[in-house]
Amino acid sequence: MDEIQIESTSTEIKEQPETSKKNGSAWAIFIAVLFIGLIIAGIVILSNQPQEVTSKVRDIFIILLAVEMFIIGVALIVLIIQLASLSNLLQNEVKPILDSTTETVNDLKGTVKFLSDNVTEPVIKLYQSMAGINRLLQMFKIKK
């Protein structure tokens, strides 16, 4: 009975994130459609305004685009710095770890080969000989 309650509880917990994801994506779509609608409404309103108003709005948008390009440029510089840092990390920290791991694996291969040659094969040969002797004794009915 406890197992049934645990399973139903875990099912309820799993359903909650899916619902929140659906709600989040629905809100994102709603906001995107609203934003596009506002842009279209702004264009229609500006098309009916005098040239002075339109030129002021155009100038404001040009300034906003310049600020946006500046922000994108800074973000690209930060991205390049992060890529350089990642490259440095891979060369100076991850590569030695991989080299050490490769060396360890090669040592293990040698150890396994040594154990196979010097321990496992003689034991197998001994059991093989003993099985042969046992079968020979069974054939002569000395041992059952």
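Not measured: the values here are computed from a predicted model.
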(message) Tell me if a side-chain donor or acceptor on Thr104 pairs with a main-chain N or O of Ser100 at a distance below 3.5 Å.
(response) yes

(request) For the pair Ser85 (side chain) and Ile81 (backbone), establish whether a donor and an acceptor sit closer than 3.5 Å, ignoring hydrogens and angles. (result) no

(message) Can you confirm whether Leu98 sits close enough to Lys95 that some side-chain heavy atom of one is under 4.5 Å from a side-chain heavy atom of the other?
(response) no

(request) Kindly determine whether Ile124 and Glu121 satisfy side chain to side chain contact (heavy atoms under 4.5 Å, CB included), including the steps that lead there. (result) CA-CA 5 Å; Ile124 290 173; Glu121 282 185 23; 5.6 Å; no

(message) According to a hydrophobic-cluster definition based on side-chain heavy atoms being under 4.5 Å apart (Ile, Leu, Val, Met, Phe, Trp, Tyr only), do Ile43 and Phe35 belong together?
(response) yes

(request) Identify which one of Asp107, Asn106, Asp99 satisfies the side-chain contact (heavy atoms from CB on, under 4.5 Å) criterion when paired with Glu103. (result) Asp107

(request) With rounding to the nearest 0.5 Å, note down the distance linking CG in Leu89 to CD in Gln82. (result) 11.0 Å

(request) Can you measure from OG1 (Thr54) to CG (Asp59) and round to the nearest 0.5 angstrom? (result) 10.5 Å

(message) Once rounded to the nearest 0.5 Å, what's the spacing between atom CG of Leu76 and atom CE of Met69?
(response) 8.5 Å

(message) So, applying side-chain contact (heavy atoms from CB on, under 4.5 Å) with Phe70, which one of Ile72, Val74, Val67 is it?
(response) Val74

(request) Report yes or no: do Val94 and Leu86 belong to one cluster of Ile/Leu/Val/Met/Phe/Trp/Tyr joined by side chain heavy-atom distances under 4.5 Å? (result) yes

(request) Kindly say whether Val112 contributes a backbone atom to a donor-acceptor pair with the side chain of Ser116 at under 3.5 angstrom? (result) no

(message) For Leu83, is there any backbone N or O sitting under 3.5 Å from a side-chain donor or acceptor partner on Ser87?
(response) no

(message) Rounded at 0.5 Å granularity, tell me how far OH in Tyr127 sits from CG in Asn134.
(response) 13.0 Å

(message) Rounded at 0.5 Å granularity, tell me how far CD1 in Ile97 sits from OG1 in Thr102.
(response) 11.5 Å

(message) Would a single hydrophobic cluster contain both Phe140 and Leu137, if residues Ile, Leu, Val, Met, Phe, Trp and Tyr are joined by side-chain heavy-atom contacts under 4.5 Å?
(response) yes

(request) Could you tell me the separation between the CD1 atom of Ile40 and the CD1 atom of Ile45, rounded to the nearest 0.5 Å? (result) 12.0 Å

